[in-house]
Amino acid sequence: MSPSVPASKPRKPAPRRILGFAANSIVAVLLLAGCDKLGAYNKWQAGDFAPDIADLAYGSGDRQVLDLYLPATTTGPAPLVIWFYGGSWDSGDKAKYAFIAKRFTDLGYAVAIPDYRLVPDVHFPAFVEDAAAAIAFMKNYAVSHPERLRDRPVILAGHSAGAYNAVQVVADRTYLENVGLDENHIAGIIGLSGPYDFYPYDVEATQKAFGQTPATVSQPVEMNLAKMPPLLLITGNRDHTVFPRNSRKLAELAPDAKLVEVDETGHAGTLIALGFYLTTNVSVLDPVKQFLSDHLPTSK
């Protein structure tokens, strides 16, 4: 008779990891379900946190407005982060990203969140032109309000389509040149789950936004990236909306890029990682904080 083999003890689950993964999965589903869910998430995370100055007009269109949030405690004028939200270039509302502003203002940064023109009312390159116009407006606003803001440089940041806007407005230098700026005005760019290498346009969102635009005009990876500022590119390894290869490819081509791939994280996970309750993920938050400290330190 063979000797009996004791049954192996069941492996205890890692409660913290399971809780974190479950929370991120649940909230990610809610976020991807629509803007109303995002509004609920924003309310949960930011409460009544509101811009110090709302609806500053950076252009003549109804959607060419931005909200400005100022840090509560700083010594001297605050450095500026400009946040571009995602939404497939056809949806979005700056008011639903107060949780992002709260995160950055808590770190000592002023935060501008622009709305921008959307598909189908406009198509590429209008939303990138709006990004440039918002950056130029904030430059002029800082010059006029030196007690509030440093006039240069700034950090650009965004998620998904917003990350594309933040990268492309600098990768194709004509956008900044057309508003009287250059890449030296940008201290760095933080891109969360961004599309940078998505030609051919094989999904409905890109087909509607870009039409027949050639890759040489629309794709960040096709630009001359020699003068790009430092990049922090964060992607989830379970992102099936904007595949991680987008961030990997741009990181390969840019002269100064840090690539962070986050385990067990999908498309919305890199965004909600910057929240405060339940969904915070230090795998995203810590690199963001370090990048800001390295490239645009505060005097806080």
Sub-3.5 Å donor-acceptor pair from the side chain of [X] to the main-chain atoms of [Y], do we have one?
{"X": "His159", "Y": "Ile272", "value": "no"}
{"X": "Gln64", "Y": "Ser60", "value": "yes"}
{"X": "Glu261", "Y": "Pro244", "value": "no"}
{"X": "Thr280", "Y": "Gly275", "value": "yes"}

Go through it in stages, so that I can follow the logic: the residues are Val203 and Phe198, the test is side chain to side chain contact (heavy atoms under 4.5 Å, CB included), and I'd like the CA-CA distance, side-chain angles, deciding distance and then a yes or no. CA-CA 9 Å; Val203 298; Phe198 54 91; over 6 Å; no
Within a strict 4.5 Å, meaning less than it, do heavy atoms of the [X] and [Y] side chains meet?
{"X": "Phe127", "Y": "Tyr164", "result": "yes"}
{"X": "Phe291", "Y": "Ile155", "result": "yes"}
{"X": "Ile53", "Y": "Arg148", "result": "yes"}
{"X": "Tyr196", "Y": "Ser247", "result": "yes"}
{"X": "Val128", "Y": "Tyr116", "result": "no"}

Please identify which of these residues, Asp115, Asp55, Asp130, meets the salt bridge (charged side-chain N to carboxylate O under 4.0 Å, His left out) condition with Arg63.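 Filter result, single survivor: Asp115.
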Count the heavy atoms belonging to other residues, nucleotides or ligands that lie under 6.0 Å from CG of Asp62, then report whether that count exceeds 12.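 Not more than 12 within 6.0 Å, no.
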Got a sec, which residues hit ring pair (Phe, Tyr, Trp, His ring centres under 6.0 Å) with [X], two or more places apart in sequence or on another chain?
{"X": "Phe137", "answer": "none"}
{"X": "His145", "answer": "Tyr141"}
{"X": "Tyr175", "answer": "none"}

Which salt bridge (charged side-chain N to carboxylate O under 4.0 Å, His left out) pairs, counting each pair once, include a residue from residues 40-52, with sequence neighbours left out?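 Of all non-adjacent pairs touching residues 40-52, those that pass salt bridge (charged side-chain N to carboxylate O under 4.0 Å, His left out) are Lys43-Asp48.
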What residue pairs, at least two apart or across chains, pass salt bridge (charged side-chain N to carboxylate O under 4.0 Å, His left out) with a residue in residues 168-197?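 Pairs touching residues 168-197 that pass the test: Asp197-Arg245.
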Derivation and outcome, side chain to side chain contact (heavy atoms under 4.5 Å, CB included), residues Leu156 and Ile135: CA-CA 9 Å; Leu156 307 182; Ile135 296 167; 3.8 Å; yes
What residues, two or more places apart in sequence or in another chain, satisfy side chain to side chain contact (heavy atoms under 4.5 Å, CB included) together with [X]?
{"X": "Ala57", "value": "Val65"}
{"X": "Ala98", "value": "Asn42, Ala46, Phe49, Tyr69"}
{"X": "Ala161", "value": "Trp89"}

Salt bridge (charged side-chain N to carboxylate O under 4.0 Å, His left out) against [X], all qualifying residues, sequence neighbours excluded:
{"X": "Lys208", "value": "Glu204"}
{"X": "Asp239", "value": "none"}
{"X": "Asp121", "value": "none"}
{"X": "Lys258", "value": "none"}

Single hit among Leu192, Ile189, Ile190, Leu250 for side-chain contact (heavy atoms from CB on, under 4.5 Å) with Leu233: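 Of the listed residues Leu192, Ile189, Ile190, Leu250, the side-chain contact (heavy atoms from CB on, under 4.5 Å) partner of Leu233 is Leu250.
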Among Val262, Thr241, Leu271, Thr270, find the one that has a side-chain contact (heavy atoms from CB on, under 4.5 Å) with Ser193.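 So, applying the side-chain contact (heavy atoms from CB on, under 4.5 Å) to Ser193 and each of Val262, Thr241, Leu271, Thr270, only Thr270 qualifies.
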Quick one: do Asp106 and Lys289 make a salt bridge, cutoff under 4.0 Å?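 No, Asp106 and Lys289 are not salt-bridged.
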Which pair of heavy atoms, one from [X] and one from [Y], lies closest together, and at what distance?
{"X": "Ser160", "Y": "Gly86", "value": "CB-CA, 4.3 Å"}
{"X": "Val242", "Y": "His267", "value": "CG2-CE1, 3.4 Å"}
{"X": "Thr235", "Y": "Leu259", "value": "CG2-CD1, 4.4 Å"}
{"X": "Leu231", "Y": "Ala254", "value": "CD1-CB, 3.6 Å"}
{"X": "Asn184", "Y": "Arg152", "value": "O-NH2, 3.2 Å"}
{"X": "Ala163", "Y": "Gly158", "value": "CB-O, 3.4 Å"}

Yes or no on side chain to side chain contact (heavy atoms under 4.5 Å, CB included) for Val81 and Leu107, after CA distance, side-chain angles and deciding distance? CA-CA 11 Å; Val81 174; Leu107 297 174; over 6 Å; no
Step by step, work out the side chain to side chain contact (heavy atoms under 4.5 Å, CB included) result for Gln45 and Tyr277. CA-CA 6 Å; Gln45 295 290 324; Tyr277 310 114; 3.8 Å; yes
